[in-house]
2 protein chains.
Amino acid sequence: MSGIERRTGVALWRQIADDIRAAIGNGDHDDGRLPTEAALAARFDVNRHTVRQAIAALAREGVVETVQGRGTAVVPRRRVTYPIGARTRFSAGLGGQVATAVTRLIGSLRETANEELAATLRLSPNAPLLRLETLGEADGVPLSRAVHWFDAERFSGLVEAYGREGSITRALAACGVSDYVRVSTEISAAPATGADREDLALQPGAVVLLTRSVNADPQGRPIQASRSRFAADRVTLSVAPDEPATDLP
Amino acid sequence: MSGIERRTGVALWRQIADDIRAAIGNGDHDDGRLPTEAALAARFDVNRHTVRQAIAALAREGVVETVQGRGTAVVPRRRVTYPIGARTRFSAGLGGQVATAVTRLIGSLRETANEELAATLRLSPNAPLLRLETLGEADGVPLSRAVHWFDAERFSGLVEAYGREGSITRALAACGVSDYVRVSTEISAAPATGADREDLALQPGAVVLLTRSVNADPQGRPIQASRSRFAADRVTLSVAPDEPATDLP
DNA sequence: GTCGGTTGTCTATAATACTAGACAAATAAT
DNA sequence: ATTATTTGTCTAGTATTATAGACAACCGAC
């Protein structure tokens, strides 16, 4: 029942590191300590050097800290819960959990709608779109990167407004959309890509949560299509039945 | 921009295989063909043999099919969307997408509530619980495995009812709960464990979507806590704002 | 049939990952 | 101080992974 396999293309030490990291995330080792290298070697049925390599990798990631003669300790970690509901907003959703939650605009460009986006936003095919790429951070730690599409005609001043306001919600307000609601969210998951690892400071082998969502104005007209990629080891998505203090019926 | 790295503990051929699999899932190669081995070797800046090993792995998984002299073709794949909302039910949610959707009971036992479960289900600490483990399948393909907890006193006949009825919804109905609603769902993601790979027939390196959910009776009393693990390459979770024909306000 | 392009197979070599054992160095308890 | 426990370092051998090149086998188009 060691759970690790040979000849799979994934080095044993990495499988072991992933297993230990998952075990920590799963709430094992809540005593703050890892078993000894010898015990882990026996459990995984590998050489102690292989376990040492796994632990060294986790230490480089900052997941554990090891001291000669004493053992290996688990570094306490925090996980943020990101609520998804009718009133989903990045900064507000993390309020209370972190000191600072910000989204940074890391790029924007104009492009034409493909078939899917046009249908989602109820625009004509090849309609001009505004594409915004953002990075969501909490306390300086990157949590998500996202691509957002808007009708370029209706929201021509959006990028400038974002530059002034620093958030999509406020930028939309400056463009005359004082309120909007989340109408759909689709969630999947996949291994992190190279771009994910770079933008979100993830380790190889990390996992991202993928969401595709659509926001609409109070009249139900779609105004924003987004694809977000969350660092799965730092974020839990929470689907609430209804937000408190919502404006909606 | 090849996206693959050396010395990460993941063999190059596996990184390439994962990258190609992700690209397919991302909608690239929708023409049904993969670039030639030589082109891929150039793109990833590796030897052709390394690319061949990656393609061979994907062929073993059934993701691609390769014919000498012709090239490598992408095997069309299906992805199921699993709706999450107030009225989340496994079989009904997949209706229309697949021919048959069933949950199988793969184990059940009695255990006592830990602190977290007791709080979730509003039971006293160490209250007796019924633990059911199920496997969700669509058209014979495993999609999810889940653990469910119920108040053992209130639902003493649940396991027998499940044996007769073949679904949790109907088993609950037989125990006097004719209706229930989803009150919370938390979603995260992680690499598949060995048990995941076994139960869900996943390849090493696969990813699972994790949900923790609570169902309550119409009076709002929690009756069921569940933890599900979905095969992320076969399932998309969809968060709908509200289900049609719901009983709730 | 012939040809260009593609995948299949073989040999050989180098780099990386894993195992094995021994002993040093640090920690914590006695 | 002594001791048991635990991590750190070193050497060496084996197995897996990656590279390199050459050529065969096969497909589709002409």
Side-chain angles (χ1 to χ4, degrees), chain A residues 2-21 24 29 31-75 194 203-205, chain B residues 2-20 24 29 31-75 203-205:
Chain A
S2 59
I4 65 173
E5 294 171 27
R6 284 153 199 271
R7 296 157 172 272
T8 96
V10 183
L12 295 182
W13 65 265
R14 174 145 290 287
Q15 292 187 58
I16 292 168
D18 293 344
D19 195 294
I20 294 174
R21 197 194 302 103
I24 291 171
H29 312 303
D31 58 346
R33 305 205 61 71
L34 239 52
T36 67
E37 295 175 352
L40 289 170
R43 169 194 305 272
F44 291 110
D45 196 24
V46 297
N47 193 275
R48 183 166 76 94
H49 294 298
T50 309
V51 168
R52 282 179 57 72
Q53 205 168 354
I55 292 176
L58 293 174
R60 277 196 301 275
E61 293 179 25
V63 175
V64 300
E65 266 171 4
T66 168
V67 177
Q68 179 173 163
R70 185 133 53 101
T72 303
V74 177
V75 176
Q203 302 297 325
Chain B
S2 61
I4 64 172
E5 294 171 27
R6 287 153 197 269
R7 297 159 166 274
T8 90
V10 183
L12 295 182
W13 64 265
R14 173 145 291 287
Q15 293 187 58
I16 292 168
D18 293 344
D19 195 293
I20 293 174
I24 292 171
H29 313 303
D31 57 347
R33 304 204 62 70
L34 239 52
T36 68
E37 295 174 353
L40 289 170
R43 168 193 305 273
F44 291 111
D45 197 23
V46 296
N47 193 275
R48 183 166 76 96
H49 294 297
T50 309
V51 168
R52 282 179 58 72
Q53 206 168 353
I55 291 175
L58 293 174
R60 276 196 302 275
E61 294 176 26
V63 175
V64 300
E65 265 172 4
T66 166
V67 178
Q68 179 173 163
R70 184 133 53 100
T72 303
V74 177
V75 176
Q203 302 296 326

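The chains referred to below are lettered A, B, ... by the order of the sequence lines, with proteins before strands, and numbering in each begins at 1. Hydrogens, waters and symmetry mates are skipped; everything else that's a heavy atom, side chains included, is used.
Rounding to the nearest 0.5 Å gives a distance of 8.5 Å between CZ of B:R43 and CG of B:D19. Interatomic distance, B:D45 CG to B:T50 OG1, rounded to the nearest 0.5 Å: 10.5 Å. One finds the CH2 atom of A:W13 at 15.5 Å from the CG atom of A:N47 (value rounded to the nearest 0.5 Å).
Atom pair A:R33:CZ and D:dT7:P shows a separation of 8 Å (rounding to whole Å applied). In this structure, CD of B:E5 is placed 19 Å from P of D:dT17, rounded to the nearest angstrom. If you take CG of A:L12 and P of C:dA20, they are 12 Å apart, rounded to a whole angstrom. A:N47 has its CG atom 13 Å from the C1' atom of D:dA12, to the nearest Å. Spacing between atom CD of B:E37 and atom P of D:dA18 amounts to 16 Å, rounded to whole angstrom units.
The overall bend of the helix from C:dG1-D:dC30 to C:dT30-D:dA1, read as the angle between its terminal helix axes built from five base pairs each, is 40° when rounded to 10 degrees.
One can find a donor-acceptor pair under 3.5 Å joining the base of C:dG8 and the side-chain atoms of B:R48.
Taking the nucleotide of DNA chain C with the nearest heavy atom to each of B:A38 and A:R14, the more 5' of the two is matched to B:A38. Along DNA chain D, the nucleotide closest to A:R6 and the one closest to A:P35 are compared, and the more 5′ of them pairs with A:P35.
For the segment residues 62-70 of chain A, residues with any heavy atom less than 4.0 angstrom from an atom of DNA chain D are, sorted by number, A:T66, A:V67, A:Q68, A:G69. DNA chain C lies under 4.0 Å from at least one heavy atom of each of the following residues of residues 49-61 of chain B: B:H49, B:R52.
Between B:E5 and B:T8, the shortest heavy-atom distance links the atoms O-CG2, 3.3 Å. Taking every heavy atom of both residues into account, A:D18 and A:R21 meet most closely at OD1-NH1, 3.1 Å. The two residues A:V64 and A:I55 have their closest heavy-atom pair at CG2-O, 3.9 Å.
With sequence neighbours left out, the salt bridge (charged side-chain N to carboxylate O under 4.0 Å, His left out) criterion links A:E65 to no other residue. Taking the salt bridge (charged side-chain N to carboxylate O under 4.0 Å, His left out) definition, one finds that A:R48 meets it with A:E37, sequence neighbours left out. B:T72 pairs by the side chain to side chain donor-acceptor pair (under 3.5 Å) definition with B:T66, not counting sequence neighbours.
Residues B:V75 and B:V63 fail the side-chain proximity criterion, which asks for heavy atoms closer than 4.5 Å.
Under the 3.5 Å distance criterion, the side-chain polar atoms of A:R6 are left unmatched by any main-chain donor or acceptor of A:L12.
At a threshold of 4.0 angstrom between heavy atoms, the contacts of A:R7 are confined to the sugar-phosphate backbone, with no base atom among them.
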